[in-house]
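For reference, the structure is listed below as structure tokens.
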Amino acid sequence: MAATVSFSVPSTHGPRTVTVSYARVGAGEPLLLLHGIGHHRQAWDPVVDILATERDVVTVDLPGFGASPALPDGLAYDLPTVVPALGALCTALDLGRPHVAGNSLGGLLALALGREKLVRSVTAFSPAGFWSQAERRYAFTVLLAMRQAARNMPLPVVERLSRTAAGRTVLTSTIYARPGRRSPEAVVAETLALARAEGFAATLRAGTSVRFEEDLPGLPVTVAWGTHDRILMRRQGIRAKRIIPKARLVRLPGCGHVPMSDDPALVARVILDGSR
């Protein structure tokens with residue numbers, strides 16, 4: 001069941017109120033799940049029920065994505081703003097220092113939360129920030145093309161395509177290795193989420209200069225990469241392992257950039273093993 005929570009964050013113009021949409025289910029140690037750019041918290045739906053048997057699972061729509069409103073004026077969509085906001089979210093929801101797992105942008109945010117000692121473990125699926133400049137430009141070009149296609153496609157066309165496996169492949173094969181596994185309803189919803197994401201452009205601009213280059217000593221870190229990732233190439237996982245030498249690097253056979261529906265059991269196991 002979705003809910004909203006509001007909390008205050010500092011800015012150069014004084015405190016601002018941020019509101020976030022989230023869902024919470026399960027019991028056990030708290031686990032925060034963060035989606036990628038242009039996606040929404042429902043990206044995690046294929047694994048939530050598995051995780052909820054052992055964790056208190058919180059899925060959130062990042063500010064400016066999904067059902068969460070845009071950040072207030074004066075707040076940027078950059079790491080120095082969004083990471084403390086997520087820390088304030090954890091305080092507002094009484095999560096303490098949760099485990100955190102994230103995908104793509106969410107993976108980068110999870111690692112940044114770890115850098116700030118705000119979480120007790122990090123699991124990052126195809127995290128942003130380990131790219132070369134050429135790889136970043138390629139990824140941003142793909143993301144912009146996806147966004148433009150989603151914004152230009154009339155809803156009846158999206159709905160018609162979603163009804164067949166071939167149509168779902170047209171709509172989502174860039175991020176899923178097995179797009180036919182997504183339900184028609186999920187594909188329509190995530191296409192609309194991409195088209196309507198208020199924070200998309202500002203988040204992409206903020207990411208232009210981002211590189212993650214710090215080790216996270218003393219923190220359990222897992223970095224996992226799909227073998228069929230078509231946005232962030234899996235060699236970036238090797239780079240991440242060099243930067244965070246004690247990280248567990250996991251290969252996800254047959255998975256794409258967003259692996260949660262490609263292999264829910266594997267993704268859930270990776271998260272649970274990394275958050276013991």
Side-chain angles (χ1 to χ4, degrees), residues 7-12 18 20 22 29-37 39 44 55 58-60 62-65 71 75-133 135-136 139 199 202-225 232 234-250 270-271 273-276:
F7 46 89
S8 180
V9 299
S11 80
T12 55
V18 173
V20 165
Y22 74 97
E29 294 184 353
L31 169 65
L32 179 66
L33 300 179
L34 305 174
H35 63 76
I37 187 170
H39 224 147
W44 295 98
R55 298 285 182 272
V58 178
T59 54
V60 302
L62 294 170
F65 297 95
L71 286 171
L75 293 182
Y77 287 85
D78 56 9
L79 293 179
T81 302
V82 178
V83 170
L86 290 172
L89 168 70
C90 292
T91 300
L93 295 180
D94 198 24
L95 299 181
R97 288 176 65 240
H99 302 285
V100 62
N103 172 226
S104 195
L105 167 64
L108 170 64
L109 291 169
L111 290 163
L113 285 164
R115 181 175 58 197
E116 300 302 318
K117 306 290 194 289
L118 294 172
V119 294
R120 66 180 84 176
S121 74
V122 173
T123 304
F125 295 92
S126 296
F130 295 101
W131 42 42
S132 67
Q133 278 300 329
E135 289 165 345
R136 183 198 60 76
T203 299
L204 210 60
R205 282 196 302 272
T208 301
S209 59
V210 167
R211 294 282 296 274
F212 197 90
E213 298 177 317
E214 297 93 343
D215 191 9
L216 301 177
L219 188 73
V221 175
T222 300
V223 175
W225 231 283
L232 298 178
R234 59 177 173 161
R235 61 176 172 266
Q236 294 171 42
I238 306 298
R239 216 170 283 147
K241 174 69 173 172
R242 285 202 298 266
I243 292 167
I244 311 171
K246 292 189 177 179
R248 182 177 62 129
L249 182 59
V250 178
V270 169
I271 294 172
D273 287 350
S275 60
R276 298 293 179 196

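Residue indices begin at 1 and follow the sequence shown.
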Backbone of Leu249 reached by a side-chain donor or acceptor of Trp225 within 3.5 Å: no
Val223/Val250 under side chain to side chain contact (heavy atoms under 4.5 Å, CB included): CA gap, chis, key distance, verdict: CA-CA 6 Å; Val223 175; Val250 178; over 6 Å; no
Once rounded to the nearest 0.5 Å, what's the spacing between atom CG of Leu232 and atom CH2 of Trp131? 6.5 Å
Thr222 backbone acceptor or donor facing Arg248 side chain under 3.5 Å: no
What's the verdict on side chain to side chain contact (heavy atoms under 4.5 Å, CB included) for Thr59 and Tyr22, showing C-alpha distance, side-chain angles and the deciding distance? CA-CA 6 Å; Thr59 54; Tyr22 74 97; 5.9 Å; no
Is there a donor-acceptor pair closer than 3.5 Å between any side-chain N or O of Tyr77 and the backbone N or O of Gly207? no
Side chains of Leu111 and Ile244, heavy atoms from C-beta outward: is any pair under 4.5 Å? yes
Does Pro63 reach the side chain of Val20, with side-chain heavy atoms less than 4.5 Å apart? yes
Distance-only, no hydrogens or angles: does the Arg97 side chain make a donor-acceptor pair with backbone N or O of Lys117 under 3.5 Å? yes
Can you check whether Thr208's main-chain N or O pairs, donor with acceptor, with Arg136's side chain at less than 3.5 Å? yes
Restricting to non-hydrogen atoms, name the atom on Val9 and the atom on Ala88 that form the minimum distance, rounded to 0.1 Å. CG1-CB, 4.4 Å
For the CG atom of Leu62 and the CG atom of Leu109, what is their distance to the nearest 0.5 Å? 6.0 Å
Would a distance-only check, ignoring hydrogens and angles, find a side-chain to backbone donor-acceptor pair under 3.5 Å from His99 to Arg120? no
Step by step, would you call Glu29 with Arg55 a salt bridge (charged side-chain N to carboxylate O under 4.0 Å, His left out)? CA-CA 5 Å; Glu29 294 184 353; Arg55 298 285 182 272; 5.0 Å; no
Does a side-chain heavy-atom distance below 4.5 Å link Cys90 with Leu32? yes
Salt bridge Glu213-Arg239, side-chain N to carboxylate O under 4.0 Å: no
Quick one: are Leu118 and Val83 in side-chain contact, heavy atoms under 4.5 Å? yes
Say whether, by atom type as modelled, one donor and one acceptor occur between the side chain of Thr203 and the main chain of Gly199 under 3.5 angstrom. yes
What do the steps show when you test Asp78 against Val210 for side chain to side chain contact (heavy atoms under 4.5 Å, CB included), and what is the final call? CA-CA 9 Å; Asp78 56 9; Val210 167; over 6 Å; no
Between Val122 and Gly114, the two heavy atoms sitting closest are CG2-CA, 4.1 Å
Looking only at heavy atoms, the pair that brings Glu135 and Ser132 closest together is OE1-N, 2.8 Å
Leu219 to Ser121 - nearest heavy-atom pair and separation: CD1-N, 4.0 Å
For Ile37 and Leu105, which heavy atoms make the closest approach, and how far apart are they? N-CB, 3.7 Å
Taking the side chain as every heavy atom from C-beta outward, state whether Pro98 and Leu31 have any pair of such atoms under 4.5 Å apart. no
Using a 4.5 Å cut-off on heavy atoms from C-beta on, say whether the side chain of Leu108 contacts that of Leu79. yes
Considering non-hydrogen atoms only, spot the tightest contact between His35 and Trp44 and give its length. N-NE1, 3.6 Å
Is there a donor-acceptor pair closer than 3.5 Å between any side-chain N or O of Asn103 and the backbone N or O of Phe125? yes
Within-4.5 Å side-chain heavy-atom neighbours: Arg115 and Leu216: yes
Tell me, do Val60 and Leu34 make a side-chain contact under 4.5 Å, heavy atoms counted? yes
State whether the side chain of Arg211 and the backbone N or O of Phe130 hold a donor-acceptor pair below 3.5 Å, judged by distance alone. no
